[in-house]
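FYI, side chains are in, hydrogens and waters are out, and symmetry mates aren't considered; it's all heavy atoms of this structure. Keep in mind it's a predicted model, so treat the numbers as computed, not measured. Below, read A as the first sequence line, B as the second, and so on, with proteins coming before strands; counting in each chain starts at 1.
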Amino acid sequence: MLPYILGFDKALDYVLPEALARSPAGRALELGSVVQVPVRGRPVHGWVVEIDPEPEPDIVLQPVTKLMGIGPSAEVLDIADWACWRWRGRRARFYNLASPPRQVPREGPREGPRQVQDLARSQSHTSSFASELFRLAPSSRIWPVVASVLKEGSALILFPEEVRASKLARYARRQGFQCVLWPEQWERAAQGGCSVVGTRSAVFATMPEVSSILIVDEHSEAYHETWQSVTWHAREVARERARRLDVPLRMTSPVPTLEALKDTEVVTQPRKSEREGWAELVIADLRERDHPGLFSHQLTEQLQGASRAVCIVKRTGVSEARQQLARLLREPVGMITARETEAETARVLIGTTVALRRVDRCDLVAFLEFDMLLASPHYRAEEVALALLAEASRLVGAKSGSGRLLVQTRQPDHPVLRSVAEANPEIFSKHDSQLRQDLLLPPFAAVAKITGEEAEEFVKVLRSELRNADAADIDVMGPDQEGTWVLRSGNHETLCNFLLTISEIPESVRISIDPPSL
DNA sequence: CGGACAAGCTGA
DNA sequence: CAGCTTGTCCGG
């Protein structure tokens, strides 16, 4: 069993006492079951990762003290192991993500393990796995896609936000579908016979059968976990899980990422519908302006005509811009920042990009400093800027309504803006694809960012290891001004397999695979 | 991770 | 040299 001790990634062997060995529901213990065991006399939870292991000699086995409940299925343990390989993570982290937040009691009807395990452990079959991306304008309903997926059987459906996930689960149930929310209804999901809806970590939901996986708004940054040492992406986990299960992976997005477009069939709406589903874009070309400042005449004009407007500015300068705007409009301006919300009922609101998620309805979103977004020092800056416009477009509604997007810029012909103006995200993805191919950035390369106190020392070790392993086709770059090194390879197999051979990683060194910024 | 124990530092 | 900090090791 693998103890839930971060920084300890080794399975330990225990004996199961007779008293715990039997259970009315069948086998008491299966792969993934959560047990309590003593580690150095301390009670610790952990996951069963092997049953009847070959006991190592000269070790006195301690008994398991408690059965805590069911855990991730063998299939999920396997995909979690894959995630550990792919992002160089620790098993306990991913197993914990895949487990119920609060242990499910052992009692209750539970059928014996189904064919899940056989399915999971047989990985190498010729696959008819297909992935499909539905490019849907921001205001288009996704329900038709969701419904078609629900009709096929027990689907696994991911949303970027909890609110949307639970709303959809409720709606689906009203429409007569068996549909549960993960992780709240963890046990029902594990029993099978229903579709499962959740956010990022629901990609590790235990389900006896999965008919297909659907990722709604695949471009959302919410699918990319970058918290502390854990870096992983739910879309990539879903892709691998679908491939292993040999079921279709489906995605929706108004602004598909290059990652999603890779090896995927794109299904588009009729041009007319897609055009209709984007909001009207008004561009204020700042180069044409005679006086400097944050407020173009198009902006004042649009703000005066709006019944409710949100202005987006950069983090520094929200309150100053707010004062200026209030003076200009001669009315109070509400403020929304990451920390606080003030005067939310005002007709005009100002805030950073997070404000888009705090407002439920408006008919104008104005980006006052759009070029700042485009120029963020990250290789995904433009992609993120386009995603924000899609998000804003969804907020203000389709062309048929009165909703508008206003962008102040000195680059009115930027591919991001042309994509929105023409309701054609392909304009941007072609541009971005070319750029990333030229610069060898993801998804056209696999990269590992190495940071931390002892990074320099560690990279020296990596370099010498690379010289020894003559086959590895990996570049080492760095350091940059921030003391960051980057490993780059043409594919993840090469990169991750190489990293797997490095057993000793200093405590302070952090390796993030395909981070959002380099 | 967190405890156990060893080795190093300090102050009387 | 006790008493405290910091480091290293290890778990079945």
**Where A/Arg200 and A/Ala222 come nearest, the two heavy atoms and their spacing** =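 Nearest pair, atom of A/Arg200 first, then A/Ala222: NH1-O, 2.9 Å.
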**Request:** May I ask you to say whether A/Glu456 pairs ionically with A/Lys460, meaning some side-chain N is under 4.0 Å from a carboxylate O?
**Result:**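 No, this pair does not count.
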Round to a whole Å and report the spacing from [atom1] of [X] to [atom2] of [N].
| X | N | atom1 | atom2 | value |
| --- | --- | --- | --- | --- |
| A/Asp58 | C/dG12 | CG | C1' | 12 Å |
| A/Arg42 | C/dG11 | CZ | C1' | 9 Å |
| A/Ile59 | C/dG11 | CD1 | C1' | 10 Å |
| A/Leu2 | C/dG12 | CG | C1' | 13 Å |
| A/Ile5 | B/dA4 | CD1 | C1' | 15 Å |
| A/Leu16 | C/dG12 | CG | C1' | 15 Å |

**Message:** Considering every strand and a 4.0 Å limit on heavy-atom distances, what is the contact class for A/Val37: base, sugar-phosphate, or nothing?
**Reply:**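 It contacts nothing in the nucleic acid.
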**Asked** Is there a donor in the side chain of A/Glu218 and an acceptor in the side chain of A/Thr257, or the other way round, less than 3.5 Å apart?
**Response**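 The criterion, which ignores hydrogens and geometry beyond distance, is satisfied for A/Thr257 and A/Glu218.
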**Asked** Any luck finding a side-chain donor-acceptor pair between A/Trp47 and A/Ser99 under 3.5 Å?
**Response**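 Judged by distance alone, the side chains do pair up.
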**Message:** Under the ring pair (Phe, Tyr, Trp, His ring centres under 6.0 Å) definition, can you give me all pairs with a residue in residues 443-463 of chain A, not counting sequence neighbours?
**Reply:**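 Counting only pairs at least two positions apart or across chains, no ring pair (Phe, Tyr, Trp, His ring centres under 6.0 Å) contact touches residues 443-463 of chain A.
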**Message:** Given A/Asp9, which partner from the list A/Arg91, A/Arg90, A/Arg88 fulfils the salt bridge (Lys or Arg N to Asp or Glu O under 4.0 Å) test?
**Reply:**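 In the set A/Arg91, A/Arg90, A/Arg88, the residue that makes a salt bridge (Lys or Arg N to Asp or Glu O under 4.0 Å) with A/Asp9 is A/Arg91.
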**Item:** Residues within residues 6-15 of chain A bordering DNA chain C, heavy-atom distance below 4.0 Å
**Value:**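 Listed by number, they are A/Phe8, A/Leu12, A/Asp13, A/Tyr14.
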